[in-house]
Protein chains: 2
Amino acid sequence: MNKYNILENRFPGRRAALKREILEQALYCFNELGVEATTIDAIKARCDTSVGAIYHHFGNKEGILSALFFAALDDQRQHLEQELAGANSLREAVFCIIGSYLDWVVANPEWARFLYQARSPVAKGPFQEELKDRNIQNYRKLKDQLLGFSKGDVKIVQPFEILFSLIIGPSENYCRAWLSGRVKGSPQEYRGEFAESAWRSLQW
Amino acid sequence: MNKYNILENRFPGRRAALKREILEQALYCFNELGVEATTIDAIKARCDTSVGAIYHHFGNKEGILSALFFAALDDQRQHLEQELAGANSLREAVFCIIGSYLDWVVANPEWARFLYQARSPVAKGPFQEELKDRNIQNYRKLKDQLLGFSKGDVKIVQPFEILFSLIIGPSENYCRAWLSGRVKGSPQEYRGEFAESAWRSLQW
DNA sequence: TCTTTTGCAGAATATTATTCTGTTTTGTTT
DNA sequence: AAACAAAACAGAATAATATTCTGCAAAAGA
């Protein structure tokens, strides 16, 4: 796999070429101007297409937003699962989760930026149920996977509810700051620090 | 101070009554429908006022959003500084920061919810410079305050850039989850866990 | 080749944000 | 208190934007 492409991966083939183009330009606009300030006309202009085509493919603005959002979410998720498959202890799992997250954000900064800013709109929009379902599914799956390990010799903070936040919270917060330019060091530089810190934080 | 009110505090007096009312109803609409889906008409209807009045006070939709956003941000900030004033060590400071954050979110859930979802729009909009400035100011101030302590006997993770993320990341992540209903336990319940965990996480 | 489906274009329409003009209320000065 | 100025407010008019609709073209299947 030379250089994987999230859009090519999700909407493959020649016939979906314009669809991908629209999404790519929409992603650019959303990130550059913000979700609300992005107009259909602006997207149309960057694709050299028609409103008809856009509405044919996505129904409405919310449809474009959601298509992008779920494409990014699924890709990030897939990346996590690949990494996590190799973990053999809770400690390794924590390192995988954090490493995978940081890697993905650094590899796909534009998608990551979009993911952060699009979550709220999508959570309110017509696809809110789909988002909720996925959250629940993912939560359960990851929970089971982590609980499978925790019979080790270390004592872990209770309850389980707060575990995810302890693991991913710092990395997430830092990535946001990095993407917005508030901090300069690449998240990957601090891979080790975030992983070790998280591991320390959740031991009694 | 019996029951402080963010709006009353920021826009005091009889003449600002409608202004406060508009903001209150706008807050409700933004949280209920989402920022983009909230129309001026919807806000107007809930206030029983006119578009003229709304535009007189805020200029445009972005103006309403920003007024709400900075009101919330400043209140949260003020709360933090009050708490932090009593800290006498780095450990105490960390506990103050986290405690203050959790308290504020639980005391003002609607405002907190809004703060999360409005950050991106404001960061893109016409007040982006003002937001950047405040971020820089606050960052410096807090940095100096923390560095004033760190000559203690404990070794702290480097560099400073990642420190804030380690401290506030987990709490922030959990509060978001709580406000969106993904987890049930009140953030205040886990006050101790978040503070202790954060403290462990940033020690060598 | 014929037929059906899908992709696309652009004018027409509907919705929403914003402006503008006039009126009323409030505060200030004399 | 009267006169003036400034701020608050109302609502019609306008502008910007999202969405629909109708028709045509390309592609796929029979």
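So that the names make sense, note that chain A is the first sequence line, chain B the second, and so on, each numbered from 1. This one's a predicted model, so the numbers in the text were calculated from it and none came from an experiment.
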Asker: What is the distance, rounded to the nearest whole Å, between atom NZ of A:K44 and atom C1' of C:dA9?
Answerer: 10 Å
Asker: Side chains of B:R119 and B:L73: closer than 4.5 Å at any heavy-atom pair?
Answerer: yes
Asker: Report the residue (A:R15 or B:N60) whose heavy-atom-nearest nucleotide on DNA chain C is the more 5′ of the two.
Answerer: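 Its nearest nucleotide lies further toward 5', so the answer is A:R15.
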Asker: Please give, in whole Å, the distance from D:dT19 C1' to A:I43 CD1?
Answerer: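 In whole Å, D:dT19 C1' and A:I43 CD1 are 14 Å from each other.
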Asker: Once you round it to whole Å, what is the distance between P of D:dA8 and CD1 of B:I22?
Answerer: 11 Å
Asker: Between C:dC8, D:dA18, C:dT18, which nucleotide has the shortest distance from any of its atoms to the side chain of A:A53?
Answerer: C:dC8
Asker: Closer than 4.0 Å, any side-chain N/O of B:T49 to the OP1 or OP2 of D:dA10?
Answerer: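 Indeed, a polar side-chain atom of B:T49 lies that close.
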Asker: Measure the distance from CD1 on A:I54 to P on C:dT6 and round it to the nearest whole Å.
Answerer: 21 Å
Asker: What is the distance, rounded to the nearest whole Å, between atom CG of A:D48 and atom C1' of C:dA9?
Answerer: 12 Å
Asker: I want to check one thing: is the phosphate of C:dC8, taken as OP1 and OP2, less than 4.0 Å away from some side-chain N or O of A:H57?
Answerer: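 Yes, such a contact exists.
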Asker: Please state how far atom CZ in B:F58 lies from atom P in C:dA17, giving the value in whole angstrom units.
Answerer: 15 Å
Asker: Between B:I40 (CD1) and C:dT19 (P), how many Å, whole number?
Answerer: 11 Å
Asker: Is there a side-chain polar atom (N or O) of A:H56 under 4.0 Å from OP1 or OP2 of C:dC8?
Answerer: no
Asker: Is the A:F69-A:F127 ring centre distance short of 6.0 angstrom?
Answerer: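 No - the distance between ring centres of A:F69 and A:F127 does not fall below the 6.0 Å cut-off.
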Asker: Once you round it to whole Å, what is the distance between P of D:dA18 and CG of B:D41?
Answerer: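 Distance, rounded to whole Å: 17 Å.
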Asker: At less than 4.0 Å, is any side-chain N or O atom of A:T39 found next to OP1 or OP2 of D:dA16? Yes or no.
Answerer: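 Result: no.
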Asker: So, is B:R14 close to the D:dA7 phosphate, meaning a side-chain N or O under 4.0 Å from OP1 or OP2?
Answerer: no
Asker: Compare the minimum distances between each of D:dT19, C:dT19, C:dC8 and the side chain of A:L18, then state the nucleotide with the smallest one.
Answerer: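 Closest nucleotide to the A:L18 side chain: C:dC8.
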Asker: Just checking, is any N or O donor in the side chain of A:E161 or B:Y190 under 3.5 Å from an acceptor N or O on the other one?
Answerer: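 There is such a pair (donor and acceptor under 3.5 Å, judged by atom type) between the side chains of A:E161 and B:Y190.
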Asker: From the options C:dC8, D:dA10, C:dG10, select the nucleotide whose nearest atom is closest to the side chain of A:V51.
Answerer: C:dG10
Asker: Parallel, tilted or perpendicular: which describes the rings of A:F194 and A:Y174, with under 30° parallel and over 60° perpendicular?
Answerer: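 Rings of A:F194 and A:Y174: tilted, 30 to 60°.
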Asker: Checking salt bridge (Lys or Arg N to Asp or Glu O under 4.0 Å) for the pair A:D74/A:R134: CA distance, chi angles, key distance, verdict?
Answerer: CA-CA 10 Å; A:D74 286 350; A:R134 292 200 195 201; 2.4 Å; yes
Asker: Using heavy atoms to find the nearest nucleotide of DNA chain D for B:E36 and B:K19 separately, return the residue whose nucleotide is more 5′.
Answerer: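 Between the two, 5'-proximity favours B:K19.
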